[in-house]
K.L.:
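Attaching a single structure in structure tokens format; questions to follow.
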Amino acid sequence: MLDALATRFEELTGAAPEGIWFAPGRVNLIGEHTDYNDGFVLPFALSRRAHIAAGHRDDDLLVMHAMDLDETVEVPLDDLAPGSGGWAAYLAGVVWALREAGHPVGAASLVLTSDVPLGAGLSSSAAIECATMAALCDLFSLDIAPMQRAELCQRAENVYVGAPTGLLDQAASTLCAKDAGMFLDCRSLEATSVPLPLAAHGVEILVLDTHTPHSHVDGEYGERRATCEAAARTLGVAALRDVEDLDRALAMLPDERMRKRVRHVVTENARTLAVLRAAEAGRFEEIPPLLDASHASMRDDYEITVPTVDLAVETARGAGALGARMTGGGFGGCIIAWCRLGEGEQVGRTIGQAFAEAGFAAPTWFVAHPDQGAGRTR
């Protein structure tokens with residue numbers, strides 16, 4: 001793939017690329033809908049990556065090419081402005097965010113390819129942004145700290161693309177280490193590397209995309225966020241991460257729906273901290289029940305699972321997975337299953353059979369290995 005990317009760059013520009021950079025997609029091990037409540041998340045980077053071949057230009061253009069689509073977009077640097085759509089906005093937005101922040105980014109050619117699945121909740125857009133950021137920082141000798149790079153990529157997506165994402169995706173794509181997860185405190189933005197040497201503990205993680213169309217996601221997401229913010233005001237705390245006595249808090253809330261939302265966030269934060277402690281101590285056998293409890297909480301209290309997701313999780317457990325949960329924002333998308341080493345593929349096939357019997361669209365899956373954050377590959 002990298003040779004083909006370099007060849008395409010040379011065909012388009014007449015010169016070899018000055019380098020090839022990458023950034024991974026990510027999956028969240030645990031910590032769902034905690035980020036906007038100032039809570040805790042624990043994602044890891046995938047070996048599925050976006051790659052960018054890049055080089056300087058001697059004019060005033062930003063020339064972007066998507067190898068997988070065979071499409072090229074050219075934009076004068078001075079014409080970069082929020083509101084542009086399509087795949088090129090994720091690259092152009094990073095250039096815009098850097099220039100807006102005062103960094104001397106000039107004309108460049110950028111050629112993109114990616115094997116991060118689109119629309120699966122694995123942060124394909126963040127991978128593109130963070131690979132572009134890595135390329136531009138090296139091309140133009142920019143000294144920008146990793147978390148600041150992630151924040152600039154988030155700004156590109158929020159303002160230039162117009163997608164109201166949090167920092168989790170870009171931080172994971174930038175800061176994660178191989179064979180490790182990243183514990184992120186979403187209030188302080190302090191990131192800690194968490195060892196996840198899965199094979200050494202005889203386990204592997206299956207990621208399975210249910211291919212369920214997301215329906216009403218924006219409205220449902222907004223409703224839950226607003227409910228959490230209203231609950232925090234009722235409880236007199238800055239955010240739900242500050243709730244210390246859950247039973248007392250639940251007794252203060254006015255309705256069952258709000259109580260259920262709060263119970264999920266508070267217990268999910270506790271589960272994320274428990275996974276952190278278990279991983280740091282090498283007690284990996286403590287992690288699967290926490291994944292199971294997370295899924296039950298998302299299903300029963302946050303009410304963000306759907307029949308395909310629930311079937312995938314239940315089938316995974318029945319097929320021998322040690323624990324399983326939906327991962328991502330909900331209403332479709334992916335599940336993860338904590339499996340014994342070498343058993344993930346069979347668990348995936350069993351879920352595929354269950355989907356066929358239920359009349360659902362066929363899922364796709366792969367065994368994930370916690371991988372390295374953004375960097376240069378050539």
Side-chain angles (χ1 to χ4, degrees), residues 24-35 41-48 114-127 163 165 168-169 172 203-221 224 264 268 288 290-339 343-370:
R26 67 98 186 102
V27 70
N28 207 19
L29 179 60
I30 197 163
E32 233 58 83
H33 289 269
T34 51
D35 54 347
V41 294
L42 210 170
F44 63 87
L46 299 169
S47 53
R48 305 294 181 97
S114 177
D115 65 357
V116 184
L118 298 175
L122 301 178
S123 301
S124 57
S125 59
T165 59
L168 164 63
D169 297 349
V203 296
E204 61 188 21
I205 295 176
L206 174 75
V207 178
L208 181 137
D209 186 357
T210 66
H211 293 293
T212 305
H214 291 12
S215 59
H216 310 301
V217 173
D218 292 340
E220 296 284 0
Y221 178 94
R224 280 156 182 77
H264 167 73
E268 185 78 348
L290 294 163
L291 305 183
D292 289 341
S294 174
H295 185 80
S297 181
M298 289 186 288
R299 181 191 63 216
D300 301 335
D301 281 340
Y302 228 61
E303 299 178 293
I304 54 174
T305 70
V306 293
T308 49
V309 166
D310 289 332
L311 177 61
V313 166
E314 293 160 9
T315 305
R317 292 180 190 138
L322 302 172
R325 64 182 286 271
M326 187 198 76
T327 183
F331 308 101
C334 290
I335 72 152
I336 58 172
W338 189 276
C339 302
E343 295 185 3
E345 282 290 342
Q346 181 55 50
V347 171
R349 288 192 291 271
T350 303
I351 296 171
Q353 293 168 1
F355 271 43
E357 292 169 3
F360 294 145
T364 55
W365 62 86
F366 60 93
V367 173
H369 305 282

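Keep in mind it's a predicted model, so treat the numbers as computed, not measured.
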K.L.:
How far apart are the closest heavy atoms of L208 and A312, and which atoms are they?
P.N.:
CD2-CB, 4.2 Å
K.L.:
Would you compute the distance between atom CD of E204 and atom CG of L322 and round it to the nearest 0.5 angstrom?
P.N.:
10.5 Å
K.L.:
Backbone N or O of G333 within a donor-acceptor pair of the T210 side chain at under 3.5 Å?
P.N.:
yes
K.L.:
Can you measure from CG (D310) to CZ (R299) and round to the nearest 0.5 angstrom?
P.N.:
6.0 Å
K.L.:
Any idea which heavy atoms bring L118 and S124 closest together, and the distance?
P.N.:
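Smallest heavy-atom distance, with atoms named: CD2-OG, 3.5 Å.
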K.L.:
How far apart are the closest heavy atoms of G332 and V306, and which atoms are they?
P.N.:
N-CG2, 3.7 Å
K.L.:
Given the rule in the side-chain contact (heavy atoms from CB on, under 4.5 Å) test, do I205 and V367 qualify, once you have shown the distances and angles that lead to the verdict?
P.N.:
CA-CA 6 Å; I205 295 176; V367 173; over 6 Å; no
K.L.:
For residues L46 and V27, determine if any side-chain heavy atom of one lies less than 4.5 Å from a side-chain heavy atom of the other.
P.N.:
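The answer is yes, as the side chains (C-beta and beyond) meet within the 4.5 Å cut-off.
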K.L.:
To check you understand the geometry: which heavy-atom pair defines the closest contact between A321 and V347, and what is its length?
P.N.:
N-CG2, 4.4 Å
K.L.:
Work out which heavy atom in A172 is nearest to a heavy atom in A45; give both atom names and the distance.
P.N.:
O-CB, 4.3 Å
K.L.:
A side-chain contact here means heavy atoms from C-beta on lying under 4.5 Å apart; do L29 and W338 qualify?
P.N.:
yes
K.L.:
Within the 3.5 Å criterion, strictly below it, is a donor on T350 or T315 matched to an acceptor on the partner's side chain?
P.N.:
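Looking only at side-chain atoms, T315 and T350 do not form any donor-acceptor pair under 3.5 Å.
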K.L.:
For R48 and L122: C-alpha separation, side-chain torsions, deciding distance, then whether side-chain contact (heavy atoms from CB on, under 4.5 Å) applies.
P.N.:
CA-CA 9 Å; R48 305 294 181 97; L122 301 178; over 6 Å; no
K.L.:
So how far is it from T305 OG1 to I335 CD1, rounded to the nearest 0.5 Å?
P.N.:
11.5 Å
K.L.:
Taking all heavy atoms of A337 and all of A316, pick out the closest pair and write down the distance.
P.N.:
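Taking A337 first and A316 second, the nearest heavy atoms are CB-CB, 4.1 Å.
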K.L.:
Who passes side-chain hydrogen bond (donor to acceptor under 3.5 Å, both in side chains) against N28, sequence neighbours left out?
P.N.:
E32
K.L.:
Roughly how far apart are M326 CE and L291 CG, rounded to 0.5 Å?
P.N.:
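Result: 12.5 Å between the selected atoms.
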K.L.:
When you compare the side chains of E268 and S294, does any donor N or O come within less than 3.5 Å of an acceptor on the partner?
P.N.:
yes
K.L.:
Please step through side-chain contact (heavy atoms from CB on, under 4.5 Å) for the pair H211 and T308, ending with a clear verdict.
P.N.:
CA-CA 9 Å; H211 293 293; T308 49; over 6 Å; no
K.L.:
When you look at D292 and R325, which way does the salt bridge (Lys or Arg N to Asp or Glu O under 4.0 Å) test go after all the steps?
P.N.:
CA-CA 6 Å; D292 289 341; R325 64 182 286 271; over 6 Å; no
K.L.:
Out of curiosity, R26 CZ to D169 CG, how far, rounded to the nearest 0.5 Å?
P.N.:
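Going from the CZ atom of R26 to the CG atom of D169 covers 4.0 Å.
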K.L.:
Do the ring planes of H33 and H264 sit parallel (below 30°), tilted (30 to 60°) or perpendicular (above 60°)?
P.N.:
perpendicular
K.L.:
When you compare the side chain of W365 with that of I351, does any pair of heavy atoms fall below 4.5 Å?
P.N.:
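The answer is no, as the side chains (C-beta and beyond) never meet within the 4.5 Å cut-off.
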K.L.:
Rounded at 0.5 Å granularity, tell me how far CZ in F366 sits from CG in L206.
P.N.:
8.5 Å
K.L.:
Are S47 and H369 linked by a side-chain donor-acceptor pair shorter than 3.5 Å?
P.N.:
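Not at all, the side chains of S47 and H369 share no donor-acceptor pair under 3.5 Å.
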K.L.:
For the side chain of R224 and the backbone of Y302, is there at least one donor-acceptor N/O pair under 3.5 Å apart?
P.N.:
yes
